There are 2 protein chains.
Amino acid sequence: MSNTNPDDKQLAEMFKALGNPHRLLIFQRLSNCCLPGTRCDLEQTMRFSVGQLGEGMEIAPSTLSHHLKELHRSGLIEMSRQGKRVDCWIDPAVLNRLAGFFYNPIENRLRGDRDVG
Amino acid sequence: MSNTNPDDKQLAEMFKALGNPHRLLIFQRLSNCCLPGTRCDLEQTMRFSVGQLGEGMEIAPSTLSHHLKELHRSGLIEMSRQGKRVDCWIDPAVLNRLAGFFYNPIENRLRGDRDVG
DNA sequence: ATTAGTATTCGACATATTTCGAACTTTAGA
DNA sequence: TCTAAAGTTCGAAATATGTCGAATACTAAT
């Protein structure tokens, strides 16, 4: 498109990445701490290895790898080899950026009144 | 997938809808008020007709219609015929829900310290 | 009733996405 | 060095998506 700046382009890429149920689940695993069964450490972002992220999802390793690549390419997650494994995590700035997209400060006075489940 | 609840399913649908640059632009037009050239009314959500939303985007009417249908099916926008036109708008609750998804209250103490562009 | 404006539906086509298995790479340990 | 563990890359197949034009539907005005 002509009227799409690079910023919006990346945003669309991120949303596209989150638009797949498998990838959304992966993203949630990385962003939600303090859930049953997980340890929550406020001093550190949540890190999971590729293998851990795929647990319970019945997809082939190659498919999992593909999805993580998409998440990374869109800018949603970071990855780095740690010995035999590859660790994944979310840069908190990404969460802020995305939350900010939906949080319209102008409309907020109105929206504050209505509760949302 | 087995471990995807209906809530997450709809969330994924919404993100998928926003993952297309044309649809993202439409969504932004509906969610951003107080931009140059627009009137901002805090007492009312922004409404645009289908035709207005398509202005400047070089896509066929049928394509525009298709995109709006996707946005509506995913739950992102509301639509209602108003005479000859069809008006579109965003339920503010939707914005809250989506912002809330990225806004992890537990991690917020941390994230609050780092500024994000 | 006809017409013009606004938007949707349908069918078709090109492209993109999801997924897998097989083969490969990288690392740690025996 | 050989092996096992953990991921990735590649190629192929099935499915989904984005796009258009032509035909259709709905509304307001003549």
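Below, chains carry the letters A, B, ... as their sequence lines are ordered, and counting in each starts from 1. All heavy atoms count here, side chains included; hydrogens, waters and symmetry mates do not. Since the model is a prediction, treat every value here as computed from it, not as a measurement.
For the atom pair CD of A:E58 and NE2 of A:H22, the computed distance is 8.5 Å after rounding to the nearest 0.5 Å. In this structure, B:L71 CG and B:M79 CE are separated by 8.5 Å, a value rounded to the nearest 0.5 Å. Atom CD1 of B:I77 and atom CD of B:E70 lie 10.5 Å apart (nearest 0.5 Å). The CG atom of B:D8 sits 7.5 Å away from atom CG of A:L25, with the distance rounded to the nearest 0.5 Å.
The closest side-chain heavy-atom distance from A:H72 to A:K69 is not below 4.5 Å. Residues B:L18 and A:F102 have side chains in contact (heavy-atom distance under 4.5 Å, counting atoms from C-beta outward). No side-chain heavy atom of A:E78 sits less than 4.5 Å from a side-chain heavy atom of A:V94. You'll find the side chain of A:H67 reaches within 4.5 Å of the side chain of A:I59, heavy atoms only. Taking 4.5 Å as the limit, every side-chain heavy atom of B:F15 sits out of range of all side-chain heavy atoms of A:F27. Counting heavy atoms from C-beta on, the side chains of B:S65 and B:V50 never come closer than 4.5 Å.
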Where do A:R97 and A:D91 land on the salt bridge (Lys or Arg N to Asp or Glu O under 4.0 Å) test, with the steps shown first? CA-CA 10 Å; A:R97 170 142 151 59; A:D91 179 348; over 6 Å; no
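Rounding to whole angstrom units, CZ of residue A:R85 and P of D:dA4 are separated by 18 Å. For the pair B:E58 CD and D:dT19 C1', the computed distance is 14 Å after rounding to whole Å. Atom P of nucleotide D:dA28 and atom NZ of B:K84 are separated by 8 Å, given to the nearest angstrom. Atom-to-atom, NE2 of B:H67 to C1' of D:dT19 comes out at 8 Å; the value is rounded to the nearest Å. Per the geometry, CG belonging to A:L64 stands 8 Å off P belonging to D:dG7, to the nearest Å. Between the CG atom of A:L68 and the C1' atom of D:dG7 there is a distance of 10 Å, rounded to whole Å. If you measure from atom NE2 of A:H72 to atom C1' of D:dT9, you get 17 Å, rounded to the nearest angstrom.
For the helix from C:dA1-D:dT30 to C:dA30-D:dT1, the terminal axes (five pairs an end, C1' atoms, rotation from four pairs onto the next four) enclose an angle of 20°, given to 10 degrees.
Put simply, chain A comes within 4.0 Å of DNA chain C, heavy atom to any atom, from C:dT17 to C:dA28, going 5' to 3'.
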When you compare the protein's N or O atoms with those of nucleotides 10-17 of chain D, which come within less than 3.5 Å of each other, and at what distance?
residue: D:dT17; atom: OP1; partner: B:K16; partner atom: NZ; Å: 2.8

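Of the candidate nucleotides D:dT27, D:dG21, D:dA5, D:dG21 has the atom nearest to the side chain of B:A60.
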